[in-house]
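Below: the structure, in structure tokens.
Quick caveat, the model's predicted, so the values are computed rather than measured. Nothing fancy with the numbering, it's 1 onward along the sequence. Read the numbers this way: they start at 1 and go in the same order the structure lists the ligands and their atoms.
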Amino acid sequence: MKKRGLLRRVSDYARKRSPWIVHMDCAGCNGCDIETFAVLSPRYDIERFGGLEKGNPRQADIQVVAGAISKKIRSRLIRIYEQMPEPKIVMAIGSCAITKGVFHDGYNICGPLDNIIPVDVYVPGCPPKPEAILDGLIKALELWRKK
Ligand code: SF4
């Protein structure tokens, strides 16, 4: 029992230093996705703040969601959110994820994102600039470290 407590403390320390990010593009035009990739790549380099993109939600701490939420992607979005360990942060990138944006009348759109899963950080824009996304990610990292 004591050993598990030590392992947990070591794991918490390591996670605090390097939160991992899982990125999901839903049903938008991919504009937000392209800007998000710029932030995750060496040009804007989120790794200098400790963040790292990971494909596996079970190892991720921050979920980044871009694009409008379609009825088809809804259950996958929830599953990915539920697979992430606590504490976790959700970021909504762009007008589509935040308000349904230009797809607000779409027959297959069921967003906004915060009607489906709890959102901690909002980055508005269509698409938001990489600097705004980077700023949002830094806020997400700070928020996650406090949780
Ligand atoms: S917010 Fe604008 S740029 Fe982003 S996915 Fe929607 S339409 Fe595309």
Side-chain angles (χ1 to χ4, degrees), residues 8-147:
R8 174 53 66 97
R9 282 203 302 276
V10 170
S11 146
D12 286 350
Y13 177 79
R15 285 183 68 199
K16 204 172 176 180
R17 295 280 167 172
S18 59
W20 288 356
I21 299 161
V22 66
H23 166 224
M24 191 171 177
D25 186 35
C26 296
C29 76
N30 279 5
C32 289
D33 206 33
I34 291 165
E35 303 298 352
T36 304
F37 272 124
V39 175
L40 298 173
S41 68
R43 183 171 173 92
Y44 289 91
D45 196 13
I46 190 63
E47 287 187 33
R48 67 196 146 119
F49 300 104
L52 178 70
E53 191 188 15
K54 272 284 157 191
N56 188 347
R58 293 178 200 278
Q59 297 170 333
D61 307 295
I62 299 172
Q63 185 180 17
V64 172
V65 182
I69 318 303
S70 68
K71 288 177 185 167
K72 195 168 184 180
I73 203 102
R74 187 178 186 277
S75 60
R76 289 161 202 172
L77 185 70
I78 295 170
R79 198 178 325 140
I80 286 173
Y81 175 77
E82 287 173 351
Q83 284 176 340
M84 290 170 62
E86 293 285 353
K88 54 192 160 191
I89 294 284
V90 176
M91 263 183 84
I93 307 278
S95 309
C96 286
I98 297 171
T99 66
K100 302 195 225 175
V102 292
F103 299 100
H104 65 95
D105 279 337
Y107 71 94
N108 60 340
I109 300 301
C110 63
L113 180 63
D114 58 7
N115 279 3
I116 299 164
I117 53 174
V119 176
D120 302 282
V121 179
Y122 296 84
V123 183
C126 182
K129 285 183 162 189
E131 290 85 351
I133 299 173
L134 188 60
D135 184 56
L137 270 169
I138 292 165
K139 284 190 182 115
L141 294 176
E142 285 166 5
L143 211 57
W144 178 82
R145 283 177 181 133
K146 280 183 197 158
K147 273 196 176 183

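Listed by chain and residue number, the protein N/O/S atoms under 2.8 Å of atom 8 (Fe) of ligand 1 are C29 SG, with waters left out.
Other residues, nucleotides and ligands contribute only 12 or fewer heavy atoms inside 6.0 Å of the CZ atom of R58.
Pairing each heavy atom of Y81 with each of P118, the nearest pair is OH-CG, 3.4 Å.
Among the candidates V119, L137, T36, the single residue satisfying the side-chain contact (heavy atoms from CB on, under 4.5 Å) test with M91 is L137. Looking at D45, L134, I46 one by one, the single match for side-chain contact (heavy atoms from CB on, under 4.5 Å) with L40 turns out to be I46. A side-chain contact (heavy atoms from CB on, under 4.5 Å) with I117 holds for exactly one of Q63, E82, R74; it is Q63.
A97 does not count as a contact of ligand 1, since none of its heavy atoms falls under 4.0 Å from the ligand.
In this structure, V90 and L113 have side chains that are in contact, with non-hydrogen atoms separated by less than 4.5 Å.
Those atoms of ligand 1 that come under 4.0 Å of a heavy atom in G125, given as number and element, are 1 (S).
F37 pairs by the ring-ring contact (aromatic ring centres under 6.0 Å, His included) definition with H23, not counting sequence neighbours.
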